[in-house]
Amino acid sequence: MKLTRNFYIRSGLVVARELIGKKLVSCSEEGITAGIIIETEAYMGAEDAASHSYKNRRTARTESMFSEGGHLYVYLIYGMYLCANVVANVRDIPEAVLIRALQPTDGIELMQNRRQKKSLKDLCSGPGKLTQALGISKKDYDLDLCDDKIFIEETNLKPTIITTKRINIDYSGEAADYPWRFLMQN
DNA sequence: GACATGATGCTCT
DNA sequence: GAGCATCATGTCT
(Lines give C-alpha, C1' and ligand atoms only; values in the text may rest on other atoms or scores of the structure.)
Protein backbone atom coordinates (compact mmCIF):
# COMPACT_ATOMS: atom_id res chain seq x y z
CA MET A 1 0.00 0.00 0.00
CA LYS A 2 1.42 3.31 -1.13
CA LEU A 3 1.26 6.14 1.39
CA THR A 4 -1.22 8.83 0.34
CA ARG A 5 -1.18 12.60 0.62
CA ASN A 6 -2.73 12.58 4.09
CA PHE A 7 0.36 10.91 5.53
CA TYR A 8 2.59 13.77 4.43
CA ILE A 9 0.33 16.71 5.29
CA ARG A 10 1.42 16.71 8.92
CA SER A 11 4.22 18.11 11.07
CA GLY A 12 7.69 17.20 9.83
CA LEU A 13 8.45 15.71 13.23
CA VAL A 14 5.53 13.30 12.99
CA VAL A 15 6.33 12.38 9.39
CA ALA A 16 10.03 11.82 10.24
CA ARG A 17 9.14 9.48 13.10
CA GLU A 18 6.51 7.55 11.17
CA LEU A 19 8.68 7.11 8.07
CA ILE A 20 10.96 4.81 10.08
CA GLY A 21 10.18 1.22 9.05
CA LYS A 22 8.40 2.27 5.83
CA LYS A 23 9.63 1.14 2.40
CA LEU A 24 11.07 3.61 -0.10
CA VAL A 25 10.64 2.38 -3.71
CA SER A 26 12.30 3.78 -6.84
CA CYS A 27 11.28 2.67 -10.35
CA SER A 28 13.50 3.31 -13.36
CA GLU A 29 14.16 1.89 -16.83
CA GLU A 30 16.87 -0.25 -15.29
CA GLY A 31 14.51 -1.80 -12.75
CA ILE A 32 13.10 -1.38 -9.29
CA THR A 33 15.19 -0.63 -6.22
CA ALA A 34 13.78 -0.35 -2.70
CA GLY A 35 14.70 -0.42 0.96
CA ILE A 36 13.33 0.02 4.47
CA ILE A 37 13.89 3.51 5.91
CA ILE A 38 15.98 3.16 9.05
CA GLU A 39 17.17 6.71 9.70
CA THR A 40 15.62 10.17 9.16
CA GLU A 41 16.05 13.77 10.31
CA ALA A 42 13.39 16.48 10.51
CA TYR A 43 14.09 20.00 9.21
CA MET A 44 11.44 22.35 10.50
CA GLY A 45 11.42 25.33 8.20
CA ALA A 46 11.12 28.88 9.46
CA GLU A 47 11.90 28.05 13.10
CA ASP A 48 14.92 25.81 12.50
CA ALA A 49 18.36 27.41 12.08
CA ALA A 50 19.67 24.19 10.53
CA SER A 51 17.04 24.17 7.80
CA HIS A 52 17.65 25.52 4.31
CA SER A 53 14.28 27.25 4.69
CA TYR A 54 15.14 28.96 7.99
CA LYS A 55 13.18 32.21 8.31
CA ASN A 56 11.21 31.18 5.26
CA ARG A 57 14.21 31.72 3.00
CA ARG A 58 12.74 30.92 -0.37
CA THR A 59 15.02 30.55 -3.40
CA ALA A 60 15.22 28.40 -6.52
CA ARG A 61 16.98 25.77 -4.45
CA THR A 62 14.56 25.66 -1.50
CA GLU A 63 11.39 26.13 -3.52
CA SER A 64 10.44 22.45 -3.24
CA MET A 65 10.31 22.64 0.56
CA PHE A 66 7.38 25.04 0.15
CA SER A 67 5.43 22.51 -1.93
CA GLU A 68 2.60 20.47 -0.53
CA GLY A 69 3.68 17.50 1.63
CA GLY A 70 4.66 14.38 -0.30
CA HIS A 71 7.07 15.96 -2.78
CA LEU A 72 10.76 15.06 -3.05
CA TYR A 73 13.32 17.76 -2.21
CA VAL A 74 16.67 16.86 -3.81
CA TYR A 75 19.81 18.96 -3.43
CA LEU A 76 23.56 18.76 -3.98
CA ILE A 77 25.89 18.79 -0.99
CA TYR A 78 29.67 19.14 -0.79
CA GLY A 79 29.86 19.42 -4.55
CA MET A 80 29.41 15.70 -5.16
CA TYR A 81 26.55 14.08 -3.34
CA LEU A 82 22.78 14.40 -3.55
CA CYS A 83 20.47 14.23 -0.55
CA ALA A 84 16.82 13.15 -0.75
CA ASN A 85 14.17 14.70 1.49
CA VAL A 86 10.44 14.09 1.87
CA VAL A 87 8.54 17.37 2.02
CA ALA A 88 6.08 17.52 4.93
CA ASN A 89 3.14 19.70 5.98
CA VAL A 90 0.89 21.86 3.81
CA ARG A 91 1.90 24.19 0.99
CA ASP A 92 3.97 27.20 2.14
CA ILE A 93 5.04 25.53 5.42
CA PRO A 94 8.61 24.56 4.41
CA GLU A 95 9.27 21.40 6.43
CA ALA A 96 11.12 18.35 5.17
CA VAL A 97 12.51 15.00 6.30
CA LEU A 98 16.01 13.95 5.23
CA ILE A 99 16.28 10.24 4.46
CA ARG A 100 19.65 9.29 5.96
CA ALA A 101 19.77 5.50 5.59
CA LEU A 102 17.96 2.46 4.18
CA GLN A 103 18.15 -1.27 4.56
CA PRO A 104 18.19 -2.60 0.96
CA THR A 105 15.37 -5.02 0.12
CA ASP A 106 14.78 -5.04 -3.67
CA GLY A 107 17.04 -4.63 -6.70
CA ILE A 108 20.21 -5.15 -4.70
CA GLU A 109 22.21 -6.15 -7.77
CA LEU A 110 21.19 -2.92 -9.53
CA MET A 111 22.20 -0.92 -6.46
CA GLN A 112 25.58 -2.62 -6.46
CA ASN A 113 26.09 -1.73 -10.13
CA ARG A 114 25.20 1.91 -9.48
CA ARG A 115 27.49 1.98 -6.44
CA GLN A 116 30.29 -0.08 -8.03
CA LYS A 117 29.84 -3.28 -6.09
CA LYS A 118 30.04 -2.19 -2.53
CA SER A 119 29.10 -4.54 0.30
CA LEU A 120 25.42 -4.77 1.13
CA LYS A 121 25.95 -2.81 4.31
CA ASP A 122 27.53 0.14 2.45
CA LEU A 123 24.88 0.39 -0.28
CA CYS A 124 22.46 2.75 1.49
CA SER A 125 24.11 3.61 4.83
CA GLY A 126 24.19 7.37 4.29
CA PRO A 127 22.25 10.14 2.54
CA GLY A 128 24.70 10.48 -0.37
CA LYS A 129 24.90 6.71 -0.82
CA LEU A 130 21.20 5.93 -0.96
CA THR A 131 20.51 8.53 -3.64
CA GLN A 132 23.14 6.80 -5.80
CA ALA A 133 21.81 3.34 -5.02
CA LEU A 134 18.23 4.33 -5.89
CA GLY A 135 19.28 6.29 -8.98
CA ILE A 136 17.86 9.58 -7.68
CA SER A 137 19.08 12.63 -9.62
CA LYS A 138 18.46 16.36 -9.83
CA LYS A 139 15.79 15.54 -12.43
CA ASP A 140 13.74 14.15 -9.56
CA TYR A 141 13.66 17.56 -7.87
CA ASP A 142 10.14 18.26 -6.55
CA LEU A 143 8.83 14.94 -7.86
CA ASP A 144 5.50 13.88 -6.33
CA LEU A 145 5.72 10.77 -4.13
CA CYS A 146 2.03 10.14 -4.78
CA ASP A 147 2.99 9.28 -8.40
CA ASP A 148 4.54 6.01 -9.55
CA LYS A 149 8.23 6.68 -10.12
CA ILE A 150 9.39 7.13 -6.54
CA PHE A 151 7.04 6.46 -3.64
CA ILE A 152 6.81 5.08 -0.11
CA GLU A 153 4.90 1.98 0.97
CA GLU A 154 3.29 0.92 4.21
CA THR A 155 4.85 -2.12 5.92
CA ASN A 156 3.75 -4.22 8.86
CA LEU A 157 6.91 -3.45 10.80
CA LYS A 158 6.60 -2.06 14.33
CA PRO A 159 10.06 -0.58 14.78
CA THR A 160 11.58 0.53 18.06
CA ILE A 161 12.62 4.12 17.48
CA ILE A 162 15.59 5.93 19.01
CA THR A 163 15.81 9.74 19.02
CA THR A 164 19.11 11.70 18.94
CA LYS A 165 20.59 15.00 17.85
CA ARG A 166 21.04 15.68 14.15
CA ILE A 167 24.30 15.16 12.29
CA ASN A 168 26.77 17.72 10.87
CA ILE A 169 24.83 20.91 11.54
CA ASP A 170 27.20 22.47 14.08
CA TYR A 171 26.86 25.81 12.30
CA SER A 172 23.23 26.15 13.45
CA GLY A 173 23.73 27.16 17.11
CA GLU A 174 21.26 25.72 19.58
CA ALA A 175 19.24 24.09 16.80
CA ALA A 176 22.13 21.60 16.58
CA ASP A 177 20.94 20.13 19.90
CA TYR A 178 17.31 19.51 18.97
CA PRO A 179 16.48 15.76 19.15
CA TRP A 180 15.14 15.58 15.62
CA ARG A 181 16.96 12.52 14.29
CA PHE A 182 15.08 9.22 14.29
CA LEU A 183 16.64 5.76 14.06
CA MET A 184 15.30 2.24 13.96
CA GLN A 185 16.85 0.02 16.58
CA ASN A 186 18.47 -3.07 15.02
C1' DG B 1 38.57 0.40 14.30
C1' DA B 2 39.63 5.47 14.80
C1' DC B 3 40.77 9.41 12.95
C1' DA B 4 42.31 13.02 9.17
C1' DT B 5 42.06 14.63 4.77
C1' DG B 6 40.82 15.77 0.07
C1' DA B 7 37.48 15.80 -3.74
C1' DT B 8 34.13 19.01 -5.87
C1' DG B 9 30.22 22.32 -7.58
C1' DC B 10 26.46 24.85 -6.55
C1' DT B 11 24.12 28.55 -3.85
C1' DC B 12 23.86 32.79 -1.65
C1' DT B 13 26.31 37.15 0.28
C1' DG C 1 34.46 33.91 -2.55
C1' DA C 2 32.97 31.14 1.49
C1' DG C 3 30.82 27.35 3.08
C1' DC C 4 28.10 23.32 2.84
C1' DA C 5 22.13 18.16 6.01
C1' DT C 6 29.03 13.73 2.66
C1' DC C 7 31.98 9.82 1.33
C1' DA C 8 36.14 7.14 0.21
C1' DT C 9 40.64 6.51 1.14
C1' DG C 10 44.75 6.62 3.53
C1' DT C 11 47.65 6.18 7.85
C1' DC C 12 48.24 4.64 12.34
C1' DT C 13 47.15 1.49 15.98
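Naming convention: chains lettered A, B, ... in sequence-line order (proteins, then strands); numbering from 1 in each chain. Values in this document were obtained by computation on a predicted structure and should not be read as measured data.
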Original post:
Using a 3.5 Å cut-off on both pairing distances, which stems of three or more Watson-Crick or G-U pairs include DNA chain B?
Top reply: B:1-7 with C:6-12, B:9-12 with C:1-4
Original post:
How many Å lie between CG on A/Leu76 and C1' on B/dG9, as a whole number?
Top reply: 6 Å
Original post:
A/Gln132 has an atom CD; how far is it from atom C1' of B/dT8, in whole Å?
Top reply: 14 Å
Original post:
Any side-chain heavy atom of A/Leu98 within less than 4.5 Å of one from A/Arg100?
Top reply: yes
**OP:** Choose from B/dT8, B/dT11, C/dA8 the nucleotide whose nearest atom is closest to any side-chain atom of A/Lys129.
**Re:** C/dA8
Original post:
Does NZ in A/Lys2 sit with more than 12 non-hydrogen atoms of other residues, nucleotides or ligands closer than 6.0 Å?
Top reply: yes
Original post:
Is A/Leu110 reachable from A/Ile108 through a run of I, L, V, M, F, W or Y residues, each pair having side-chain heavy atoms under 4.5 Å apart?
Top reply: no
Original post:
When you measure from the side chain of A/Pro127, which nucleotide among C/dC4, B/dT13, C/dC7 comes out closest?
Top reply: C/dC7
Subject >> Between P of C/dC7 and CG of A/Leu130, the distance in whole Å >> reply: 8 Å
**OP:** Write down the distance between CZ (A/Arg166) and P (C/dT6), rounded to a whole number of angstrom.
**Re:** 12 Å
**OP:** Using a heavy-atom cut-off of under 4.0 Å over every strand shown, decide if A/Arg115 touches base, sugar-phosphate, or nothing.
**Re:** sugar-phosphate
**OP:** Answer yes or no: does atom CD of A/Glu47 have more than 12 heavy-atom neighbours from other residues, nucleotides or ligands under 6.0 Å?
**Re:** no
**OP:** In whole angstrom, give the distance that lies between atom OH of A/Tyr78 and atom P of C/dA8.
**Re:** 14 Å
Original post:
So does A/Tyr75 get a side-chain nitrogen or oxygen closer than 4.0 Å to the phosphate oxygens (OP1/OP2) of C/dC4?
Top reply: no
Original post:
Looking just at side-chain N and O atoms, do A/Tyr8 and A/His71 make a donor-acceptor pair shorter than 3.5 Å?
Top reply: no
Subject >> Pair A/Ser11, A/Asn89: side-chain N/O donor-acceptor within cut-off below 3.5 Å >> reply: no
**OP:** Just call it for A/Gly79: base, sugar-phosphate, or nothing, with non-hydrogen atoms closer than 4.0 Å on any strand.
**Re:** base
Subject >> Whether A/Tyr43 stacks on the six-membered ring of C/dA5 base, 5.5 Å and 30° limits >> reply: yes
Original post:
Does A/Lys138 have a side-chain nitrogen or oxygen under 4.0 Å from the phosphate oxygens OP1 or OP2 of B/dG9?
Top reply: no
Original post:
Is the distance between the ring centroids of A/Tyr43 and A/His52 under 6.0 Å?
Top reply: no
Subject >> Minimum heavy-atom distance between A/Ala50 and A/Ala175, given as atom pair plus value >> reply: N-CB, 4.1 Å
**OP:** Describe the nucleic acid contact of A/Leu98 in one word from base, sugar-phosphate, nothing, applying a heavy-atom distance below 4.0 Å.
**Re:** base
Subject >> C/dA5 phosphate, OP1 or OP2, under 4.0 Å from A/Asn168 side-chain N/O >> reply: no
**OP:** Take atom OH of A/Tyr141 and atom P of B/dC10, then tell me their distance rounded to the nearest Å.
**Re:** 15 Å
Subject >> Given B/dA7, C/dA5, B/dT11, the nucleotide with the shortest approach to the side chain of A/Met80 >> reply: B/dA7
Original post:
Starting at OH of A/Tyr81 and ending at P of B/dC10, how long is that distance when rounded to a whole Å?
Top reply: 16 Å
Original post:
Is A/Arg100 touching bases, backbone alone, or none of the nucleic acid, heavy atoms closer than 4.0 Å?
Top reply: sugar-phosphate
Subject >> Value in whole Å for how far the P atom of C/dC4 lies from CZ of A/Arg57 >> reply: 11 Å
